[in-house]
J.: 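Structure below; questions to follow.
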Amino acid sequence: MVKSYRPETLDELLEIINMEDTNIFAGGTDLMIRKRQWQGAERRFDKSVVFINQISELRGIKEFEDRIEIGTTTSHREICDSNLPEYIKCVYRKMGNPPIRNMATVGGNIVNSAKVADSLPLLYCLEAKVKLESKGGERTIAIEKFILDKYKTDIKKNEVLTKIIIPKINVIDYSYRKVGQRKASILSKVSVLLIRTDNDIRISIGAVNPIVIRDKEIEIFFVETSDVEGTLIKYKNIMKGEDDNRSSRRYREKIASNILLDFLRGE
Ligand SMILES: Cc1cc2nc3c(=O)[nH]c(=O)nc-3n(C[C@H](O)[C@H](O)[C@H](O)COP(=O)(O)OP(=O)(O)OC[C@H]3O[C@@H](n4cnc5c(N)ncnc54)[C@H](O)[C@@H]3O)c2cc1C
């Protein structure tokens, strides 16, 4: 029989997930969609469910001299209402709609690892790390090592993502564009983020390939040559998407290229 757990502390949570293979339930905004059967029917959970939103140790934003740490169950709304820099908040502000942003968590978006997860291009650009904890220990790994494929991460059955660590950088300016079917409550067809720091340019493209496109060699090529057309060709060569329900590969790649062209020209 499927059970449900509601631990009050991280230690209790680690005990439970060490004993049993479970579904970790944060905001539930992805999980409730993935576990649906048909209109009106109850969700089908085949494993016990552990609710984690009430664990205070897993929530909140802390700033240090060199980094920002965001607890996994911090909601998208809490990010939007925080004092974090605009280049972080602008991404979360465009996700979902007000009720979804109230429930949806920062960690849930990462662990779900959808091709269209909007926080991932941001976290790749910021070279964020995720901290994973289990009863046996803890590890901190780079976001691009954690995300293995669409809907696939490096998390183990007895681990929970506890926080996201973002190194502080000196951002000079940034450009972000998300394209979808409507203006609100949409999943991305394409998203592009360009961040200019005092010593580099970082570019991420979301929702085109199964995982985020970020290529440091192309970024360096652009900084050294300022060759807009050459840079664009290099990005086009690594776009390897596929058609899906939301749009065709051709459409995604065309729109991503147009946005990139604008950003590279500084428009
Ligand atoms: C109407 C609607 C609009 C949406 N719009 C957007 C959008 O614009 N952009 C976008 O990117 N997404 C969007 N989403 C998807 C979703 O809201 C986000 O991905 C959200 O961040 C998921 O967080 P959650 O807390 O609800 O995750 P949950 O549904 O609770 O969990 C998602 C997955 O992550 C696992 N998990 C969660 N937290 C942890 C943890 N700490 N450790 C280990 N595993 C964990 C769960 O077991 C599950 O597999 C939308 C969803 C809906 C329903």
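Whatever order the structure lists them in is the order used to number ligands and atoms, beginning at 1.
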J.: Show me which atoms of ligand 1 lie under 4.0 Å from any heavy atom of G96.
T.: 3 (C), 4 (C), 5 (N), 6 (C), 7 (C), 8 (O)
J.: Between the side chains of R67 and E69, is the shortest nitrogen-to-carboxylate-oxygen separation below 4.0 Å, so that they form an ion pair?
T.: yes
J.: Does R34 count as lying over the ring of Y151, i.e. NZ or CZ under 6.0 Å from the six-ring centre, within 45 degrees of the axis?
T.: yes
J.: Hey, is K115 close enough to D244 for a salt bridge, meaning N to O under 4.0 Å?
T.: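 Result for this pair is yes, salt bridge flagged.
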J.: Can you tell me which portion of L31 lies within the under-4.0 Å heavy-atom range of ligand 1? Options are side chain, backbone, both, or neither.
T.: both
J.: Name the residue from N158, D154, T153 that meets the side-chain hydrogen bond (donor to acceptor under 3.5 Å, both in side chains) definition with K156.
T.: D154
J.: Counting each atom of ligand 1 from 1 as listed, which ones have a heavy atom of I100 under 4.0 Å away?
T.: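 The list of qualifying atoms is 1 (C), 2 (C), 17 (O), 52 (C), 53 (C).
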J.: Would you please test L187 and D118 for side chain to side chain contact (heavy atoms under 4.5 Å, CB included) and show each step?
T.: CA-CA 8 Å; L187 293 174; D118 285 322; 5.8 Å; no
J.: Using 4.0 Å as the upper bound for N to carboxylate O, is an ion pair formed by K89 and D81?
T.: no
J.: To which of L187, V106, T29 does the heavy atom nearest atom 50 (C) of ligand 1 belong?
T.: L187
J.: Please classify the K35 to ligand 1 contact at 4.0 Å (heavy-atom distances, strictly less than): side chain, backbone, both or neither.
T.: neither
J.: Give the numbers and elements of all ligand 1 atoms closer than 4.0 Å to a heavy atom of T72.
T.: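 The atoms of ligand 1 under 4.0 Å from a heavy atom of T72 are 41 (N).
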J.: What I want to find out is whether R44 reaches D46 closely enough, with some N-O distance under 4.0 Å, to be called a salt bridge.
T.: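 Salt bridge: no.
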J.: What atoms of ligand 1 come closer than 4.0 angstrom to any heavy atom of A117?
T.: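 The atoms of ligand 1 under 4.0 Å from a heavy atom of A117 are 11 (O).
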J.: May I ask you to say whether K35 pairs ionically with D30, meaning some side-chain N is under 4.0 Å from a carboxylate O?
T.: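 Result for this pair is no, no salt bridge flagged.
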J.: Looking only at protein heavy atoms, which one is nearest to atom 12 (N) of ligand 1, and how far off is it?
T.: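 Protein heavy atom at minimum distance: N109 ND2, 3.6 Å.
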J.: Which ligand 1 atoms are under 4.0 Å away from a heavy-atom of G27?
T.: 24 (P), 25 (O), 26 (O), 30 (O)
J.: Would you mind checking which non-hydrogen protein atom is closest to atom 19 (O) of ligand 1, with the distance to 0.1 Å?
T.: D30 OD2, 2.5 Å
J.: How many angstroms lie between atom NZ of K240 and atom CD1 of I211, to the nearest 0.5 angstrom?
T.: 12.5 Å
J.: Specify the protein heavy atom at minimum distance from atom 9 (N) of ligand 1: its residue, its atom name, and the distance to 0.1 Å.
T.: D118 OD2, 2.8 Å
J.: Looking only at protein heavy atoms, identify the closest one to atom 28 (P) of ligand 1 and say how far it is in Å.
T.: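 The protein heavy atom lying closest is G28 N, 3.5 Å.
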J.: Check each atom of ligand 1 against the heavy atoms of A26 and keep those under 4.0 Å away; list them by number with element.
T.: 25 (O), 30 (O), 37 (C), 38 (N)
J.: Assess whether a salt bridge exists between R196 and D198, defined as any Lys/Arg side-chain N lying under 4.0 Å from an Asp/Glu carboxylate O.
T.: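 Looking at R196 and D198, the cut-off is not met.
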J.: Tell me whether K168 is salt-bridged to E63, with the criterion being a basic N under 4.0 Å from an acidic carboxylate O.
T.: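 Judged by the 4.0 Å cut-off on N to carboxylate O distance, K168 and E63 do form a salt bridge.
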J.: Using the rule salt bridge (Lys or Arg N to Asp or Glu O under 4.0 Å), only one of R214, K234, R202 pairs with E219; which is it?
T.: R214
J.: Heavy atom under 4.0 Å from ligand 1: found in R34's side chain, backbone, both, or neither?
T.: neither
J.: Do K47 and E20 sit within salt-bridge range, that is, some charged N less than 4.0 Å from a carboxylate O?
T.: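 No, K47 and E20 are not salt-bridged.
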J.: Consider every N or O of N23 and every N or O of ligand 1, then say whether any pair is closer than 3.5 Å.
T.: no
J.: Among protein heavy atoms, which sits nearest to atom 34 (O) of ligand 1, and what does the distance come to when rounded to 0.1 Å?
T.: V111 CB, 3.6 Å
J.: Quick test of your reading of the model: are K236 and E253 salt-bridged, counting only N-O distances below 4.0 Å?
T.: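 The answer is no: the pair does not qualify as a salt bridge.
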J.: Say whether A104, considering both its backbone and side-chain N or O atoms, lies within less than 3.5 Å of an N or O atom on ligand 1.
T.: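 A104 vs ligand 1: no N/O contact under 3.5 Å.
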J.: Please list the nearest protein heavy atom to atom 42 (N) of ligand 1 with its residue and the distance rounded to 0.1 Å.
T.: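 I find the closest protein heavy atom is L161 N, 3.0 Å.
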J.: Heavy atoms only, cut-off 4.0 Å: how does I155 contact ligand 1, side chain, backbone, both, or neither?
T.: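 It is the side chain that gets close, since no backbone atom is under 4.0 Å.
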J.: Salt bridge or not between E127 and K216? Use side-chain N to carboxylate O under 4.0 Å.
T.: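 Result for this pair is yes, salt bridge flagged.
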J.: Atoms of ligand 1 less than 4.0 Å from V116 heavy atoms?
T.: 11 (O)
J.: Tell me the protein heavy atom at minimum distance from atom 37 (C) of ligand 1, and give that distance in Å.
T.: G108 CA, 3.6 Å
J.: Ligand 1 versus V160, non-hydrogen atoms closer than 4.0 Å: side chain, backbone, both, neither?
T.: both
J.: So, 4.0 Å and heavy atoms of H76: is ligand 1 close enough to count as a contact?
T.: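 Heavy atoms of H76 do come under 4.0 Å of ligand 1.
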J.: Looking only at protein heavy atoms, which one is nearest to atom 46 (C) of ligand 1, and what is the separation?
T.: I24 O, 2.9 Å
J.: Under 4.0 angstrom from ligand 1, any heavy atom of I52?
T.: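 Yes.
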